[in-house]
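Below is one structure, written out as structure tokens; the observations come after it.
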Amino acid sequence: MKKIGIMGGTFDPVHNGHLTLAEYACRDYQLDQVWFMPNGNPPHKDNKNIVSTPRERAQMVSLAISGYRKFRLEDYELKRKDVSCSYGTMEHFKELYPEDHFYFIIGADSLFSIEQWVHVERLFPTCTILAAYRDDKSSREVMGRQIRLLTGKYGADIRLLNTPLVDVSSHELRRMLRDKEDVGGLMPEAVVDYIYRNQLYTS
Ligand code: ATP
């Protein structure tokens with residue numbers, strides 16, 4: 001049995017917050033692999049707000065994870081033409097790899113909106129959810145309450161991921177890049193180079 005982390009996201013662009021979540025999940029839950037899975041056509045994000053192409057987002061993720069032995073790019077959702085829902089993706093993985101245990105890694109904002117995801121009651125039986133702090137509002141106490149609610153209502157297996165707060169988001173990075181601010185230290189250098197070379201997020 002392998003322990004596999006799933007780090008789903010839009011990654012528009014990928015940043016150090018995503019990498020920190022995956023690193024801590026890997027370390028604290030002794031994961032064998034973490035699959036970074038950019039979404040293609042997510043139901044819960046307005047597609048008009050996705051700035052980079054699927055190919056660019058995948059390339060940025062590849063560059064970001066290239067130094068990590070256990071991380072890999074999973075393009076299952078990117079390749080799908082229809083809307084991908086997490087429950088469907090995870091049911092598919094469970095069918096392919098019934099022996100393995102999946103850990104679905106999310107930040108606090110996702111933990112608080114997860115009940116709005118399509119058929120979330122079908123996502124919970126497929127995996128353990130690892131939920132990380134995102135900002136001061138997502139304190140241990142508030143997150144604990146949300147976890148108890150979801151556990152009671154759906155029988156979900158949700159654990160807190162004890163990451164340091166990494167104050168970075170893709171939308172703030174897009175704004176910084178547009179305003180020509182320095183994004184050094186917030187994302188891997190190779191991703192910054194790629195963004196400048198391809199003139200992404202400049203207008
Ligand atoms: P945006 O700012 O455009 O909403 P984002 O920074 O939240 O994007 P996503 O790719 O949508 O990036 O995030 C994927 C997952 O990573 C989500 O579950 C999100 O909560 C989590 N995440 C992203 N950034 C952080 C962070 N700094 N700390 C903790 N979790 C994070």
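Whatever order the structure lists them in is the order used to number ligands and atoms, beginning at 1. Throughout, numbering of the chain's residues begins at 1 and tracks the sequence.
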Going by the atom numbers of ligand 1, which of them fall below 4.0 Å from some non-hydrogen atom of [X]?
X	value
Asp109	19 (C), 20 (O)
Tyr133	28 (N), 29 (C)
Gly9	10 (O), 14 (C)
Ser110	17 (C), 18 (O), 19 (C), 20 (O)
Ser170	1 (P), 2 (O), 3 (O), 5 (P), 6 (O), 8 (O), 12 (O)
Ile106	18 (O)
Gly8	14 (C), 15 (C)
Met7	15 (C), 16 (O)

#### Entry: Flag if over 12 foreign heavy atoms under 6.0 Å of CG, Asp32
yes
### Task
Inspect the surroundings of CZ in Arg72 and state if more than 12 heavy atoms from other residues, nucleotides or ligands are less than 6.0 Å away.
yes
### Query
Which of the listed options, Arg134, Arg174, His171, holds the heavy atom that is closest to atom 31 (C) of ligand 1?
Arg134
### Query
When only distance counts, is Phe11 in polar contact with ligand 1, meaning an N/O pair under 3.5 Å?
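Between Phe11 and ligand 1 (N or O atoms, distance only) the closest approach is under 3.5 Å.
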### Query
Does any N/O atom on Ala108 come nearer than 3.5 Å to any N/O atom on ligand 1?
no
### Message
Counting only heavy atoms closer than 4.0 Å, does ligand 1 sit against the backbone of Glu172, its side chain, both, or neither?
### Response
neither
### Query
Counting heavy atoms only, which part of Asp167 comes closer than 4.0 Å to ligand 1: side chain, backbone, both or neither?
neither
Where do [X] and [Y] come nearest, in terms of heavy atoms and distance?
X	Y	result
Leu21	Ala132	CD1-CB, 3.6 Å
Ile195	Met60	CG1-SD, 3.8 Å
Pro38	Arg57	CB-NH1, 4.1 Å

### Query
Among Val168, Val166, Val183, which residue meets the side chain to side chain contact (heavy atoms under 4.5 Å, CB included) test with His15?
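Result: among Val168, Val166, Val183, Val168 is the only option passing the side chain to side chain contact (heavy atoms under 4.5 Å, CB included) with His15.
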### Message
Check Arg197 with Asp193, please: is the shortest side-chain N to carboxylate O separation under 4.0 Å?
### Response
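Salt bridge: no.
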### Query
Within the distance-only criterion (no hydrogens, no angle test), does the side chain of Lys70 pair as donor or acceptor with the backbone N or O of Leu31 below 3.5 angstrom?
yes
### Query
Could Arg27 and Tyr24 be counted as a cation-pi pair, given that NZ or CZ must be under 6.0 Å from the ring centre and within 45° of the axis?
yes
